[in-house]
Amino acid sequence: MKITILGSTSTIGVNTLSVLSGIAKKYKIFALTAKSNYKLLFQQTKLFKPSYAVLICPESAEKMHQLCKKNNLKTKILCGTKYLSYVSTHSKCSCVMSAIVGSAALEPTLNAIQKGKKIFLANKESLVMSGDLLIKNAKKYNSLILPIDSEHNAIFQLLFASGLSYRLGDSAYYDKNIDEMILTASGGPFIDSPLSQLRNVTPSQAIKHPNWKMGKKISVDSATMMNKGLEVIEASILFGLSYKKIKVMIHRQSITHAIITFKDGAMLSHMSDHDMKIPISFALMYPSRCDLSIGKLDLTKTKELTFFPVDKNKFKCLSLAYEAIKIGLNAPTILNAANEIAVNNFLKNKIKFTDIPVIIEKALNEVPFRKNTSLAKIIENDRNVREFTEDLIRRKM
Ligand code: MG
């Protein structure tokens with residue numbers, strides 16, 4: 001099977017290549033893509049020898065071209081966003097890892113779905129912004145979308161283990177069999193801070209995650225719990241389950257990633273070390289598993305596993321995400337875009353940490369709701385919300 005990795009220099013991209021190097025027999029790399037990190041892309045190209053390497057930044061593409069020429073590599077270097085779709089829809093590639101961070105992943109992912117490719121979906125924005133469109137197209141073109149996000153991948157593993165099938169967005173099926181899906185959250189760096197202290201939180205405090213190191217934006221999303229909010233939206237779209245049946249619990253040990261409560265009262269939980277190679281390898285090897293040579297969890301060293309409800313008054317972003325999925329239409333697109341702009345401005349010290357939910361709420365109240373029926377409309381809507389939010393912040397709200 002030939003695979004294209006969109007965003008091979010991202011954390012998920014790097015982990016995917018690490019898993020793939022162990023299961024080289026099943027997959028051959030067709031294409032690797034990066035925005036501008038040509039140095040890492042070159043290392044990856046040297047090792048995996050893909051047919052194509054795509055870069056978005058022209059200067060980086062030029063440097064990559066020279067490096068490949070000097071090293072006698074046959075990989076063809078392409079430059080520009082349109083080539084992301086070229087390599088994701090190419091007839092020689094049968095599956096795509098969508099690991100680009102941000103909305104740039106939308107178009108090449110949707111195009112690949114329309115060609116019936118198998119999609120390993122790590123990009124959150126695709127589902128949050130254009131979930132209905134993606135699911136509708138996946139059903140129409142018979143494309144299988146497998147989740148990489150650890151909580152959703154845990155649910156996917158639980159469905160498999162319980163004997164239920166994995167059916168994209170099949171509300172009737174899951175509603176009949178499942179009482180509740182529980183996504184766990186570590187609670188981020190401010191889980192113990194009182195609400196009154198959050199106002200003065202600095203960007204460097206917010207990006208210090210207690211359990212792992214991640215990019216700045218997702219770290220702030222973890223601190224506000226918007227990350228979990230986006231994951232509730234993702235789960236509701238992927239499995240077609242009502243938001244009322246998707247719960248979030250604080251689980252500080254980050255060992256249990258998701259729990260399903262079935263209609264008969266049985267609960268199945270997925271436990272593992274928090275290593276992204278685990279969800280990635282399950283998706284790549286499904287329906288079998290591979291031997292991942294990584295340290296396994298020793299439960300005797302885990303003193304306790306605790307679960308608490310979320311203080312929704314403190315973590316308003318989570319409530320806003322539930323509100324957005326309840327409204328439906330383009331509300332998740334508005335939520336996502338307003339959040340991204342608010343987080344950017346917080347990181348630049350232009351707004352307070354506690355302003356983030358206030359800004360998102362204003363955007364949800366003021367940007368008109370509508371049905372987003374095409375990718376072009378979603379992208380336009382996303383751009384308008386970003387402009388609206390920037391303007392709101394400029395006018396000091
Ligand atoms: Mg996650």
Could you walk me through whether Leu67 and Lys39 pass side-chain contact (heavy atoms from CB on, under 4.5 Å), step by step? CA-CA 9 Å; Leu67 275 173; Lys39 285 184 185 156; 5.6 Å; no
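- For the pair Thr16 and Phe120, the minimum side-chain heavy-atom distance is 4.5 Å or more.
- For Thr184 and Glu151, the side-chain atoms include no donor-acceptor pair closer than 3.5 Å.
- Contact of the Met226 side chain with the Val220 side chain is not registered, since no non-hydrogen atoms from C-beta on lie closer than 4.5 Å.
- Panel note: side chain Asn137, backbone Leu133; a donor-acceptor pair is recorded below 3.5 Å.
- Within a 6.0 Å sphere centred on NZ of Lys26, heavy atoms belonging to other residues, nucleotides or ligands number more than 12.
- Checked by atom type and distance alone, the side chain of Ser88 pairs as donor or acceptor with a backbone atom of Pro108 at under 3.5 Å.
- Across all non-hydrogen atoms, the minimal contact from Cys290 to Ile23 is CB-CG2, 3.9 Å.
- Counting heavy-atom neighbours within 6.0 Å of Lys35 NZ, excluding the residue itself, gives a total of 12 or less.
- Residues Phe369 and Ile379 share a hydrophobic cluster, clusters being chains of Ile/Leu/Val/Met/Phe/Trp/Tyr side chains in contact below 4.5 Å.
- Shortest non-hydrogen contact noted between Phe190 and Leu198 is CB-CD2, 3.6 Å.
- Ser162 and Leu159 get closest at one heavy-atom pair: OG-O, 2.9 Å.
- Counting heavy-atom neighbours within 6.0 Å of Lys377 NZ, excluding the residue itself, gives a total of 12 or less.
- A donor-acceptor pair under 3.5 Å is formed between the side chain of Asn111 and the backbone N or O of Glu107.
- With a 4.5 Å cut-off on side-chain heavy atoms, Leu127 and Asp149 do not count as touching.
- Note that OG of Ser130 and CG of Leu106 are 4.0 Å apart. Values are rounded to the nearest 0.5 Å.
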**OP:** Evaluate the ring-ring contact (aromatic ring centres under 6.0 Å, His included) criterion for residues Phe346 and Phe353: first the C-alpha distance (whole Å), next the side-chain angles of each, then the deciding distance (0.1 Å), finally the verdict.
**Re:** CA-CA 6 Å; Phe346 165 68; Phe353 183 73; 5.5 Å; yes
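- A distance of 11.5 Å separates CG of Leu144 from CG of Leu121, quoted to the nearest 0.5 Å.
- Residues Tyr86 and Val54 form no side-chain contact, since every pair of their non-hydrogen atoms from C-beta on lies 4.5 Å or further apart.
- Note that OH of Tyr322 and OH of Tyr243 are 10.0 Å apart. Values are rounded to the nearest 0.5 Å.
- When atom types are taken as modelled, the side chain of Asp382 and the backbone of Ile378 share no donor-acceptor pair closer than 3.5 angstrom.
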Please test Phe315 against Thr224 for side-chain contact (heavy atoms from CB on, under 4.5 Å), starting from the C-alpha separation and ending with a verdict. CA-CA 6 Å; Phe315 296 106; Thr224 61; 5.8 Å; no
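- From Phe42, atom CZ reaches atom OG1 of Thr75 across 9.5 Å, with rounding to the nearest 0.5 Å.
- Atom CE of Met64 sits about 12.5 Å away from atom SG of Cys57, to the nearest 0.5 Å.
- Taking the side chain as every heavy atom from C-beta outward, Lys352 and Asn200 approach each other to under 4.5 Å.
- Of the residues Asn336, Asn227, Asp221, the one that meets the side chain to side chain donor-acceptor pair (under 3.5 Å) test with Lys124 is Asn227.
- Side chain of Lys117 to main chain of Cys93: a donor-acceptor pair is present (N/O by atom type, distance under 3.5 Å, no hydrogens or angles).
- For the pair Ile359/Thr389, a side-chain contact is recorded, criterion being any heavy-atom separation below 4.5 Å from C-beta on.
- With a 6.0 Å radius and a threshold of 12 heavy atoms from other residues, nucleotides or ligands, Lys217 has its NZ atom above the threshold.
- Taking a 6.0 Å sphere around NZ of Lys350, one finds it holds 12 or fewer heavy atoms contributed by other residues, nucleotides or ligands.
- Closest of all the heavy-atom pairs between Ser103 and Glu125 is N-CG, 4.2 Å.
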| request: Would you check, one step at a time, whether the test side-chain contact (heavy atoms from CB on, under 4.5 Å) holds for Lys216 with Ser219? | output: CA-CA 5 Å; Lys216 280 184 188 170; Ser219 297; 5.7 Å; no
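- If you look at Tyr286 and Tyr166, their ring centroids are not closer than 6.0 Å.
- Hydrophobic clustering places Ile246 together with Ile327 (ILVMFWY residues linked when any side-chain heavy atoms are closer than 4.5 Å, directly or through intermediates).
- Thr33 places a side-chain N or O within donor-acceptor distance of the main-chain N or O of Gly7, the cut-off being under 3.5 Å.
- Contact annotation: the side chain of Lys92 never approaches that of Ser51 to less than 4.5 Å [non-hydrogen atoms, C-beta and beyond].
- Between atom NZ of residue Lys245 and atom CG of residue Asp175 there is a gap of 3.5 Å, rounded to the nearest 0.5 Å.
- Using a cut-off of 4.0 Å between Lys/Arg side-chain N and Asp/Glu carboxylate O, Lys139 and Asp170 are scored as not salt-bridged.
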Next on the checklist: Pair Asn153, Gln157 - check side chain to side chain donor-acceptor pair (under 3.5 Å), show working.
Outcome noted: CA-CA 6 Å; Asn153 187 277; Gln157 297 201 28; 2.9 Å; yes
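- Connection of Leu158 to Val232 is established within a shared hydrophobic cluster, with ILVMFWY side chains joined at heavy-atom distances below 4.5 Å, either directly or through further cluster members.
- The shortest distance between side-chain heavy atoms of Lys228 and Glu231 falls below 4.5 Å.
- Under a hydrophobic clustering in which Ile, Leu, Val, Met, Phe, Trp and Tyr are joined whenever their side-chain heavy atoms come within less than 4.5 Å, directly or via other members, Leu268 and Met249 fall into different clusters.
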| task | Apply side-chain contact (heavy atoms from CB on, under 4.5 Å) to the pair Asp192 and Arg252, showing each step before the final yes or no. | result | CA-CA 11 Å; Asp192 296 319; Arg252 302 176 71 145; 2.7 Å; yes
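- Ala53 and Thr45 make their closest contact through CB-OG1, 4.1 Å (heavy atoms, listed as atom of the first residue, atom of the second, distance).
- Between Tyr52 and His90, the ring-plane angle classifies as tilted under the 30° and 60° cut-offs.
- Clustering ILVMFWY residues whenever any of their side-chain heavy atoms sit less than 4.5 angstrom apart, transitively, puts Ile12 in the very cluster that holds Ile56.
- In this structure a side-chain-to-backbone donor-acceptor pair under 3.5 Å is present from Asn330 to Arg370.
- Under a 3.5 Å cut-off, the side chain of Asn15 and the backbone N or O of Thr11 do form a donor-acceptor pair.
- Sparse packing is recorded around NZ of Lys70, with 12 or fewer heavy atoms of other residues, nucleotides or ligands lying under 6.0 Å away.
- With His257 as the partner, the side chain to side chain donor-acceptor pair (under 3.5 Å) test is satisfied by one option alone out of Ser272, Ser269, Ser150: Ser272.
- More than 12 heavy-atom neighbours from other residues, nucleotides or ligands sit within 6.0 angstrom of CG on Asn365.
- Heavy atoms of other residues, nucleotides or ligands lying less than 6.0 angstrom from CG of Asp132 number 12 at most.
- When every heavy atom of Cys79 is checked against every heavy atom of Pro58, the shortest pair comes out as SG-CA, 3.6 Å.
- Of the possible donor and acceptor atoms, none in the side chain of Tyr38 sits under 3.5 Å from a partner among the backbone N and O of His65.
- Listed for the Gln197 side chain is no donor-acceptor partner under 3.5 Å among the backbone atoms of Pro194.
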